[in-house]
Amino acid sequence: MRFFNTYSREIEEFEPRDPAARLIRIYTCGPTVYSRAHIGNFRAYIFEDLLQRHLELRGYKVHRVMNITDVDDKTIRGAREAKVPLAKFTQQFKQAFFEDLKTLRIKPADEFPAATEQRYIDRMIDMIGVLISRGLAYQAEDKSVYYRINKFPNYGKLAHFDLTQLQSTGRVKHDEYDKEHIGDFALWKAWDEEDGDVRWDSPWGPGRPGWHIECSAMSTALLGDQIDIHCGGVDNIFPHHEAEIAQSEGVTGKKFVCCWLHCAHLLVDGQKMAKSLDNFYTVPDVLAKGYTGRELRYALMRVHYRAPLNFTWDGMNEARESLARIDEWLARLHEIAQKENVQLSTANAQRPIEKSEFEEALDDDLNISAALGLLFESIRETNRAMDENKLDAATASAWLDWWKRINTVLDVEAEAEIVVPPEVAQLARERENARREKNWKRSDELRERISVLGWEVRDTKDGQKLARRAAK
RNA sequence: GGCGGGGUAGCCAAGUGGUAAGGUCGCGGUCUGCAAAACCGCUAUUCGCGGGUUCGAUUCCCGCCCCCGCCUCCA
């Protein structure tokens, strides 16, 4: 298995730290719950889901942690503006986040630690204390505690940044006069009036943790000093992940992460989808357009994680049509598999793959496009065999088993068959009668009425078949 | 300016030192009363541009152009 490690900027052979246990520890940066996450955020989570599921398919056990940032500038501002306590303000977005995960069929992490949990606050304070004692951090005049990046030689190595070249983009206000170096980042932010009652006591006075330290505290608390894989979006490389390395290694003295994986952005009209650009869609926005969670899942998953993905409604339609092709294929296979059929001649060429090309494609830095290509090639091959009546029940079952296996990774199968509404069933019965009388005009009329109700009727040699069709 | 990612058919997108998977869309055909689904066929003499290496490059090297992102709290 090979992954592109951001740290080395190379494709590397992946080896778990603990090969015997076949356990892989993964830390993934989660949402800041100040508003509903947008689908660009979920692209990252779907990439991580794909990663986890593939590792599991390959027989590894995955222990994955995803943090929830429920205290920072934005959440505090949001709570203040809404005039509700911070915890109440963030609760609604936590809940929305979990709903969206479910809609997109993203496997929940094993743990979702929140930054405001006392045990993590305590741990953050402990870590900051160690960093200060080692000269890696200092309290400035503004009472905040900062990381002294010049004392950590590897700082900048992940992002490949030369610290002397750092430029301010003006995006964030600096209290430059208080810091020794413009690149020093806050570990502990001293309380000020804007924070209201959001405050914790610390040896450095009241305040709240900086953003980066929470991930160091949670990852080491839940996964140990060293973890196998750490993921996030490319925008997290600097400064967030750089800071995490400095903090975690500054405390433990051990190499923090073996493999860093970062996914590219979701774009809209060629630009990064972002709250600040106001060009984002949420999961409910997409559902409101008539698409399903699995369609969005597929649309966000089908492009390699390191390539930018432009979100379009054409892309959503393509996802829909591709899934419909899979659905049709599965329905045909099920039908044949259930027949107690006599031996049909199934040529060897149509035998299901013991071959594991699908998994092997994913082994190669999660090459999902190649994997899906293999799936669709298999679909065409088996459809052809079925058209020629050359696929027997045993072979169909074997193909279904194969699908079942790869679908543990994809998880894009349609929801269980939806019951045909009585209204539609009634129209279908009428149409059947009309067809018996060869009353084509009436038959077509009924087909149209059924279509308006969101169902498609097909005439096969075994009679009418009804399939649910999403509106185009 | 520094550091990354990307540039392959209308759109999306794999890939290899030997002449381009797959999806979607469109067109033609088989099937059908007509459709739908499925299948068959067609759709990039060409892989951002210009050089170089090579018998041969989209793939390796050099230079350049374009798009997107990061450069101190954005997945």
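Small disclaimer: the values here were computed from a predicted structure and weren't measured. Each chain gets a letter, A, B and so on, in the order its sequence line appears, and its residues count up from 1.
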- Could you measure between the two P atoms, the one in B/C49 and the one in B/G7, and give it in whole Å? 13 Å
Inset, instruction - Check whether any side-chain nitrogen or oxygen of A/K74 sits under 4.0 Å from OP1 or OP2 of B/C74, and answer yes or no. - result: yes
On RNA chain B, more 5' by nearest nucleotide between A/Y298 and A/H304 is A/H304
message: When the C1' atoms of B/C62 and B/U53 are compared, how many Å lie between them, rounded to an integer?
response: 11 Å
Report task. Mind telling me whether A/W313 and A/Y291 have parallel, tilted or perpendicular rings, with 30° and 60° as the class edges? Result -> parallel
Here the distance between atom P of B/C68 and atom CD of A/Q271, to the nearest Å, is 6 Å
Closest to the 5' end of RNA chain B, once A/R9 and A/G232 are matched to their nearest nucleotides, is A/R9
By the Watson-Crick or G-U definition, both distances under 3.5 Å, B/G63 is matched with B/C49
Note to self: Within the 4.0 Å heavy-atom criterion, would you say A/G210 contacts the bases, only the backbone, or no part of the nucleic acid?
What the structure shows: nothing
Ranking B/C74, B/C12, B/C70 by distance to the side chain of A/R302, first place goes to B/C12
Please confirm whether the shortest side-chain N or O distance from A/K441 to OP1 or OP2 of B/G33 is below 4.0 Å. no
By the Watson-Crick or G-U definition, both distances under 3.5 Å, B/C42 is matched with B/G26
inquiry  = For a quick check of understanding: with a heavy-atom distance under 4.0 Å over all strands, which category does A/L267 fall into, base, sugar-phosphate or nothing?
reply    = sugar-phosphate
Looking only at B/G69, B/U72, B/C3, the nucleotide nearest the A/V234 side chain is B/G69
Worksheet item: With a 4.0 Å cut-off on heavy atoms, is A/M386 in touch with a base, just the backbone sugar-phosphate, or nothing at all?
Response: nothing
**Asked** C1' atom, B/G18 versus B/G50: distance in rounded Å?
**Response** 24 Å
Report task. Would you mind classifying the nucleic acid contact of A/N367 as base, sugar-phosphate or nothing, using non-hydrogen atoms under 4.0 angstrom? Result -> sugar-phosphate
Is there a donor N/O on one and an acceptor N/O on the other, under 3.5 Å, for the side chain of A/D444 and the base of B/G33?
yes
C1' atoms of B/C25 and B/A57, separation to the nearest Å: 31 Å
A/R458 CZ to B/C39 P, in whole Å, measures 12 Å
pair_partner(B/G69), Watson-Crick or wobble, both distances < 3.5 Å, evaluates to B/C3
Exercise. Just checking A/R435: base, sugar-phosphate only, or nothing, at a heavy-atom cut-off of under 4.0 Å?
Worked result: base
Subject >> Check: A/Y305 and A/D365 side chains under 4.5 Å, non-hydrogen atoms >> reply: yes
Legend entry - A/K275 NZ: over 12 foreign heavy atoms closer than 6.0 Å: yes
### Query
Does some side-chain heavy atom of A/K465 sit less than 4.5 Å from a side-chain heavy atom of A/E335?
yes
If pairing means Watson-Crick or G-U wobble with both distances under 3.5 Å, then the partner of B/A37 is none
Quantified in whole Å, what is the C1' atom distance between nucleotide B/G63 and nucleotide B/C71? 26 Å
When both distances are under 3.5 Å in a Watson-Crick or G-U wobble arrangement, the nucleotide paired with B/G56 is none
Assign A/H262 to base, sugar-phosphate, or nothing according to its heavy-atom contacts below 4.0 angstrom with the strands shown. nothing
task: With P as the reference atom in both, quote the distance from B/U19 to B/G2 in angstrom, rounded to an integer.
output: 40 Å
Exercise for review: Assign A/A159 to base, sugar-phosphate, or nothing according to its heavy-atom contacts below 4.0 angstrom with the strands shown.
Suggested key: sugar-phosphate
Notebook entry, point to check: Which is true for A/T69 with a 4.0 Å heavy-atom rule: it touches a base, it touches only sugar-phosphate, or it touches nothing?
Noted result: nothing
Here the distance between atom C1' of B/C74 and atom CG of A/N279, to the nearest Å, is 12 Å
**Message:** Applying salt bridge (Lys or Arg N to Asp or Glu O under 4.0 Å) to A/E321 and A/R325, what does each step give before you reach the verdict?
**Reply:** CA-CA 6 Å; A/E321 295 306 320; A/R325 188 166 163 77; over 6 Å; no
*asked:* Classify A/H240 by what it touches in the nucleic acid, base, sugar-phosphate, or nothing, heavy-atom distance under 4.0 Å.
replied: nothing
In whole angstroms, the gap separating P of B/A36 from CZ of A/R449 amounts to 22 Å
From CG of A/L323 across to P of B/U24 the rounded distance in Å is 10 Å
| request: Take atom C1' in B/U32 and the same atom in B/U46, then report the distance between them in whole Å. | output: 39 Å
Taking B/C12, B/C70, B/G33 as options, the one with an atom nearest any side-chain atom of A/D235 is B/C70
Rounded to whole Å, the CE-C1' distance (A/M301 to B/G23) equals 13 Å
Over all strands shown, is A/A186 touching base, sugar-phosphate only, or nothing at heavy-atom distances under 4.0 angstrom? base
What's A/L266 touching, base or sugar-phosphate or nothing? Going by heavy atoms closer than 4.0 Å. base
query: Less than 6.0 Å separating the ring centroids of A/F97 and A/Y45?
result: yes
Which part of the nucleic acid does A/G270 contact within heavy-atom distance under 4.0 Å: base, sugar-phosphate only, or nothing? sugar-phosphate
**Asked** Which part of the nucleic acid does A/D459 contact within heavy-atom distance under 4.0 Å: base, sugar-phosphate only, or nothing?
**Response** base
Whole-Å distance, A/D387 CG to B/U30 P, equals 15 Å
- Message: Looking at A/R447 and B/C34, is any side-chain donor or acceptor paired with a base atom of the opposite kind under 3.5 Å?
- Response: yes
- Rounded distance in Å between the C1' positions of B/G10 and B/G17: 31 Å
Using 30° and 60° as the class limits, which term best fits the ring planes of A/H241 and A/H230: parallel, tilted or perpendicular?
perpendicular
To the nearest angstrom, the CG-P distance between A/N310 and B/C12 comes to 7 Å
Discussion item. Tell me if the NZ atom of A/K94 is crowded by more than 12 foreign heavy atoms within 6.0 Å.
Written reply: yes
Those residues at least two apart in sequence (or on a different chain) that pass ring-ring contact (aromatic ring centres under 6.0 Å, His included) with A/Y34 are none
| With sugar-phosphate meaning primed atoms plus P, OP1 and OP2, does A/N383 contact a base, only sugar-phosphate, or nothing at under 4.0 Å between heavy atoms? | sugar-phosphate
Per salt bridge (charged side-chain N to carboxylate O under 4.0 Å, His left out), A/E445 is matched among A/R442, A/R449, A/R447 by A/R442
Nucleotides 20-22 of chain B: which of its N/O atoms have a protein N/O under 3.5 Å away?
| residue | atom | partner | partner atom | Å |
| --- | --- | --- | --- | --- |
| B/A21 | O2' | A/E377 | OE2 | 2.2 |
| B/A21 | N1 | A/S369 | O | 3.3 |
| B/G22 | OP1 | A/R380 | NH2 | 3.0 |

